[in-house]
Colleague: 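Please see the structure below; I have some questions.
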Amino acid sequence: MLDRFLRYCMINTRSDEASTSCPSTPGQLTLLRLLVNELIAVGLTDVTMDDHGYVMATIPSTTAKLHVPVIGFIAHVDTSPEMQGHEVHPIVHKNYDGRDLVLPDDPSAVLRASADAALAAHIGHDIVTASGHTLLGADDKAGVAEIVAAAEYLMRHPDIPHGAVRVAFTPDEEIGRGANRFDVGRFGALCAYTMDGGNAGELEWESFSADAMTVTFKGFNTHPGYAKGRMVNAIKLAADFISRLPKDRLSPETTDGHEGYVHPYVMDASVDRTAVRILIRDFSTAGLEEKETFVEELARKVVAEHPGAAVEIMISDSYRNMREILEGYPEVVECAREAIRRSGLTPVERPIRGGTDGSRLSFMGLPTPNLFAGEHNFHSRLEWVSAQDMDKAVETIVNLCQVWEERTS
Ligand SMILES: [Zn+2]
């Protein structure tokens with residue numbers, strides 16, 4: 001599995017938000033085509049790639065039971081556009097002894113067990129890093145390699161009873177498009193698991209609910225030399241509005257756990273019109289609405305204090321907490337807990353302060369929690385993964401297929 005992973009890492013699959021094609025970059029197709037060949041070589045059936053690059057395949061059922069639900073495993077092939085994706089040189093630090101790991105291409109890139117509790121907990125493991133200039137791409141090539149390795153293992157051990165298992169590899173997760181063209185009907189599973197999480201044992205089935213808000217302040221522009229008593233500067237209205245947002249709460253920099261936030265992140269400013277784009281995050285729809293009301297009331301208050309000013313507010317849905325769906329399918333999460341325990345790990349369940357493809361897929365009719373893939377330091381050149389944790393993820397996939405079979409009469 002480690003060899004597969006290292007090969008996948010060396011293919012540049014960085015996604016590109018500016019591209020309108022799907023996949024957004026040709027390197028993703030290179031890896032997706034390679035995966036088609038590898039799945040066929042391993043013996044999977046129904047191996048297909050659709051017009052948008054989505055690869056799907058089946059591990060045929062080995063059980064005599066007729067009603068074992070079809071389950072699926074999904075990983076994304078693209079890497080974050082935030083970091084360079086070409087010339088990735090993965091390094092395996094065998095039997096890690098706790099020393100500082102200086103990445104050779106940039107000696108300022110150093111992994112220190114003293115500053116990274118997760119790394120300190122992995123002494124004795126084989127740690128894989130990049131070489132200093134690039135991402136490693138364990139997010140999510142670790143998940144890709146784990147799914148292929150688990151498929152290979154199951155194909156070689158037909159004595160292990162399980163129902164039909166579907167696998168899928170998808171493009172463009174990192175630019176939020178991974179679920180867009182996912183054909184849930186064609187996938188044909190009762191539920192799925194994305195293999196795209198962090199430390200061994202993690203199981204995520206709760207994500208943010210997210211909306212995007214645009215608050216547009218409208219002023220009045222005229223020649224500044226003759227503007228007395230007439231000009232209304234929309235930039236100043238927006239500045240006033242932003243300065244009145246709470247400083248000690250409700251922001252990304254002051255919240256964690258189950259707290260949501262209001263996050264102004266882009267401003268398009270002119271005297272006549274200034275639009276402030278704001279991300280709204282919470283774990284419940286009611287919490288989102290509360291925050292949106294707060295923002296709207298604050299904007300209207302600012303405008304009311306400035307004669308001649310106006311404001312326009314737009315809200316659009318981004319995604320919703322997958323928990324709303326997964327609560328209706330408790331067995332999906334329960335089977336995952338059991339599979340993790342059988343791998344000798346303790347399930348660690350924490351809310352995701354973000355969204356996954358699974359958040360969208362869950363609302364598209366495919367309940368999809370997220371399982372650990374062993375990834376650490378996502379989207380950073382200090383990204384690392386432990387080969388032993390990746391083996392645990394493979395074991396967990398195999399266990400999960402068996403748990404679903406055992407629980408079916
Ligand atoms: Zn990912």
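Ligands are counted one by one from 1 in listed order, and the atoms in each one are counted from 1 as well. Numbers here are sequence positions counted from 1.
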Colleague: Determine whether Phe169 and Tyr54 satisfy the following criterion, ring pair (Phe, Tyr, Trp, His ring centres under 6.0 Å), listing intermediate values before the conclusion.
Modeller: CA-CA 6 Å; Phe169 299 115; Tyr54 288 70; over 10 Å; no
Colleague: Under 2.8 Å from the Zn ion (ligand 1), how many protein N/O/S atoms can be counted?
Modeller: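 Counting protein N, O and S atoms closer than 2.8 Å to the Zn ion (ligand 1) gives 4.
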Colleague: So, for Phe182 and Phe187, is the gap between ring centers shorter than 6.0 Å?
Modeller: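 Yes, close enough.
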Colleague: Verify the neighbour count for atom CZ of Arg337: are there more than 12 heavy atoms of other residues, nucleotides or ligands below 6.0 Å?
Modeller: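 More than 12 heavy atoms, drawn from other residues, nucleotides or ligands, come within 6.0 Å of this atom.
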Colleague: Any Lys/Arg nitrogen of Glu406 or Arg342 sitting under 4.0 Å from an Asp/Glu carboxylate oxygen of the other?
Modeller: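 Counted as a salt bridge, because a side-chain N and a carboxylate O are separated by less than 4.0 Å.
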Colleague: Could I get the full list of side-chain contact (heavy atoms from CB on, under 4.5 Å) partners for Arg249, not counting sequence neighbours?
Modeller: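 With sequence neighbours excluded, Arg249 shows a side-chain contact (heavy atoms from CB on, under 4.5 Å) to Pro246, given in chain and number order.
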Colleague: Would you say the side chain of Asp116 lies within less than 4.5 Å of the side chain of Trp384, judging by non-hydrogen atoms?
Modeller: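 Touching, per the 4.5 Å side-chain cut-off.
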